[in-house]
Amino acid sequence: MLPESAAARRAATDADLPQAPGVRQSAITEATLPVAMPKTTPPAPPHPSGEHSDSLLRLIADSVPALMAYFGLPDLRCRFANQGYAAYNGHSAESILGLTVREAIGEKAWLAIKPHVERCQQGERVKYVREQTLPNAEVRVIEVNLIPHLDSDARRVGAFVLINDITERWRAENAVRQSEERMRKFAEATDEAIVFHRNGVIIDGNEALLRLTGYTLSEVLGLSIFSFITPEYRAVALEYTRSGREDPYEVTFTHKNRHPIPVEAVGKTMPMQHADYRVVVLHDLTARKKAQEREAFIALHDPLTQLPNRRNLMEQLDQTLAQAASRQGRCAVLFIDLDHFKTINDSLGHHAGDQLLCDVARRITQCVGSTDVVARLGGDQFAVLLTDVQTPDQAAQAADALLQGMHSAFLLDQQSITMSPSIGISLYPDDASTGDALLRCADAAMHHAKGSGRGNRQRFQPGMDGHAMEVLQQERLLREAIVRQSFVLHYQPQMSLHDGSLQGFEALVRWNHPERGLVGPNEFIGFAESRSLIAPIGRWVLHEACRQLKAWQDEGLALVPVAVNLSALEFRQRDLAGEIANVLHATGLPPRFLEIELTESVLMHQTGPVLDTLNALKALGVGVSVDDFGTGYSSLAYLKRYPIDKLKIDRSFVMDAPGNADDVAIVTAIIQMGHSLHLRTVAEGVETPAQMELLQQLGCDLVQGYLISVPMSAHDTLCWLSR
Ligand code: C2E
Ligand code: MG
Ligand code: MG
């Protein structure tokens with residue numbers, strides 16, 4: 001038994017075994033030791049008599065980097081040690097033989113390992129790892145194996161000691177542990193979903209992944225990551241994983257509740273593990289996709305009505321034309337413009353106008369087939385693409401269905417409003433072969449419908465187009481007309497149904513067009529309003545009507561009032577009462593000989609200012625009539641509120657009387673209501689004696705219409721008056 005060497009004692013300051021140079025880089029485990037020892041069966045101790053095997057064993061034992069020794073029981077004396085072990089403890093391989101463990105390794109180291117040795121003595125196989133500080137202050141990590149040796153009768157006869165320096169392996173494992181810990185912290189600190197997988201099998205995922213997919217961690221662990229990817233993207237994901245590609249790509253995951261989650265995936269192969277260990281970062285694209293879809297939708301739809309917009313219509317039109325061409329079929333475009341929409345917008349405000357447009361959009365959609373396309377072209381213009389029509393008649397029938405569908409009133413802020421469309425029809429291949437041309441033809445036909453009294457449909461005829469150029473030209477001509485005052489007034493008499501006497505004239509403006517001759521107001525008043533040219537025209541009409549009547553009166557004729565029409569726009573934009581007072585003053589016409597005709601829409605708008613103006617007119621002594629009564633708003637509350645003198649029953653109710661019972665009922669109701677409110681009633685558009693007779697029976701006060709006279713020029717009126 002040899003005492004511990006000074007060197008060994010110095011080295012083993014706080015550990016059982018000092019470090020030998022040969023041990024330092026050892027990564028050898030028990031299993032790789034040639035001498036060694038299957039896990040359960042320790043090697044047989046060297047046999048003293050077998051000299052050859054003894055030297056062979058020593059050669060092998062001295063060649064391995066591990067430290068080895070064998071101590072016999074029960075005295076724990078060294079029976080064998082390789083050079084490494086012996087040198088480690090300050091001995092030679094020979095001098096250490098016969099020493100007890102305690103003697104071989106020194107007192108301090110003995111105390112440290114004693115409990116382990118005792119366990120081994122009890123027959124337990126012991127393995128422990130220790131840190132060991134070398135004299136140069138370097139810390140090494142060693143792994144000590146104490147393996148009990150049993151003889152054939154299972155008696156404990158010795159203990160085998162095997163020591164490996166595992167500092168490098170320990171450091172590497174520690175680095176992985178720290179790196180994994182760091183990775184987990186990163187993973188949890190981000191909102192991006194992160195999933196770890198090996199060969200596609202999910203081995204971990206962060207909180208964000210679970211939030212994104214709706215699963216718990218235990219539900220996804222061990223499953224294939226590809227099973228969460230929708231089938232159409234699986235091949236791509238597999239390819240990226242297999243080839244270790246690290247650039248971003250898009251796939252769709254399936255949420256636990258089955259909805260698809262579009263994500264951008266970036267996979268990275270983890271460097272500290274083998275190549276198929278991947279970390280995949282998933283960036284949720286739902287919001288981006290939604291924004292993209294929304295953008296695409298906005299680009300192709302009208303924001304107010306959500307209908308396809310013009311661009312969308314043109315795209316679908318192109319497709320439809322191609323299909324129609326291939327099956328040698330037909331399709332049609334209906335161009336729809338709402339009549340007098342501007343008046344509603346001006347009088348009820350834009351909010352009501354918007355609501356009406358939405359209601360109209362819905363109505364149109366209900367009136368057409370599911371394969372037809374309804375689009376809003378802008379403003380009050382819509383288009384319907386009839387994708388498959390057999391005959392021109394079929395397109396006309398679809399337009400009629402639309403006219404019919406729009407017939408019933410719209411409810412706006414609890415007021416019911418009627419609204420008619422003017423519709424132009426064009427057909428492929430009959431009228432045009434391209435989408436643009438087809439829409440232009442339908443537009444031109446629509447303008448023709450406007451010109452034909454609105455609220456009807458017209459099929460395109462050659463010669464109707466060229467409209468856009470016309471508009472520019474018309475605006476230029478109208479501006480010139482205003483400067484040159486190229487307008488004339490025609491006068492239409494109003495007659496008493498009680499005694500047949502003349503009761504007044506309505507002044508109706510005409511434009512003396514340089515090329516077309518006299519042009520009626522329906523063709524340019526709306527246009528003048530849209531170009532803000534109505535005020536100067538209105539001013540001229542007012543002045544001219546007053547001047548003319550005064551002139552006739554000075555000759556002792558026409559001692560009756562003249563009625564002047566004012567558009568809703570004029571009523572809002574001008575200081576009417578002041579202006580009218582000035583005109584009356586300038587022309588010398590007594591106020592009681594002037595009447596103003598307003599439409600119902602004016603009265604529905606802004607109670608306060610309208611009431612003020614009407615009261616000021618009343619104070620002047622000017623009369624007020626409600627024109628086209630019955631076509632605008634059925635709310636009658638305003639009739640009581642305003643100082644009104646006359647109701648002019650709209651021509652549309654008179655037109656089909658007495659044959660149409662509904663119209664007769666409406667006319668009857670208006671006349672009775674007029675009487676009870678002490679308002680005079682005037683029937684417009686009276687053309688037949690039967691109409692006149694009916695109106696007389698119903699107690700209508702006045703009639704106006706072709707039956708009495710068409711509107712006449714000032715000269716003709718003078719002749720008419722003298723007769
Ligand atoms: P309104 O005020 O309702 O005028 C009556 C319209 O009915 C006139 O059309 C008249 O010619 C037409 N009419 C009269 N009797 C009959 C009849 O028996 N049968 C038929 N089918 N029609 C008849 P006109 O002159 O084309 O005027 C159309 C509209 O233009 C007027 O409707 C009025 O709203 C507007 N208007 C006319 N002059 C002016 C004006 O100076 N300023 C403004 N702002 N609008 C005007
Ligand atoms: Mg009128
Ligand atoms: Mg009228």
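We count ligands from 1, going down the list as the structure has it; atoms in each ligand are counted the same way.
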If you round to the nearest 0.5 Å, how far is [atom2] of [Y] from [atom1] of [X]?
X: Leu589; Y: Arg547; atom1: CG; atom2: CZ; result: 11.5 Å
X: Phe382; Y: Leu402; atom1: CZ; atom2: CG; result: 11.0 Å
X: Ile364; Y: Ile423; atom1: CD1; atom2: CD1; result: 8.0 Å

Decide whether [X] and [Y] meet the rule of one side-chain donor and one side-chain acceptor closer than 3.5 Å.
X: His447; Y: Asp443; value: yes
X: Gln494; Y: Gln704; value: yes
X: Asp627; Y: Thr599; value: no
X: Asp650; Y: Ser652; value: yes

Which residue from [options] reaches closest to [atom] through any of its heavy atoms?
atom: atom 5 (C) of ligand 1; options: Arg651, Glu597, Glu684; answer: Glu684
atom: atom 26 (O) of ligand 1; options: Ala545, Pro521, Ser709, Ala507; answer: Pro521
atom: atom 4 (O) of ligand 1; options: Val703, Leu508, Leu489; answer: Leu508
atom: atom 25 (O) of ligand 1; options: Lys648, Arg510, Gln704, His340; answer: Arg510

- request: Measure across Ala395 and Leu427 and return the closest heavy-atom pair with its distance rounded to 0.1 Å.
  value: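 That would be CB-CD2, 4.3 Å.
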Using a strict 4.0 Å cut-off to heavy atoms of [X], name the atoms of ligand 1 that fall inside it.
X: Asp628; value: 3 (O)
X: Gly705; value: 15 (N), 18 (O)
X: Pro711; value: 11 (O)
X: Gly685; value: 15 (N), 16 (C), 17 (C), 18 (O)
X: Glu687; value: 17 (C), 18 (O), 19 (N), 20 (C), 21 (N)
X: Ser567; value: 44 (N)

message: Tell me whether Gln492 has any N or O atom under 3.5 angstrom from an N or O of ligand 1.
response: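 Min N/O separation from ligand 1 is below 3.5 Å for Gln492.
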message: So for ligand 1, is Val541 a polar contact partner (N or O within less than 3.5 Å, distance only)?
response: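 No; every N/O pair is 3.5 Å or more apart.
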Nearest N/O/S atom of [X] with respect to the Mg ion (ligand 2), by atom name, please.
X: Glu597; result: OE1
X: Glu506; result: OE2
X: Asp627; result: OD2

Any N, O or S atom of Asn565 closer than 2.8 Å to the Mg ion (ligand 2): yes
- prompt: Does Asp627 approach ligand 1 within less than 4.0 angstrom via side chain, backbone, both or neither, non-hydrogen atoms only?
  reply: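 Contact part for Asp627 vs ligand 1: side chain (C-beta onward).
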Check against side chain to side chain contact (heavy atoms under 4.5 Å, CB included), Asp337 and Gln381: CA-CA 5 Å; Asp337 187 291; Gln381 296 189 329; 2.9 Å; yes
- request: Taking the six-membered ring for Trp and the single ring otherwise, decide whether the centroids of Tyr491 and Trp552 are under 6.0 Å apart.
  value: yes
Under 4.0 Å, counting heavy atoms only: does [X] come that close to any atom of ligand 1?
X: Gly538; answer: no
X: Glu506; answer: yes
X: Met655; answer: no

task: Look at the rings of Trp511 and Phe487 and say which category their plane angle falls in: under 30° parallel, 30 to 60° tilted, over 60° perpendicular.
output: tilted
message: Test your reading of the model: is there a side-chain donor-acceptor pair from Asn345 to the backbone of Thr343, 3.5 Å cut-off?
response: no
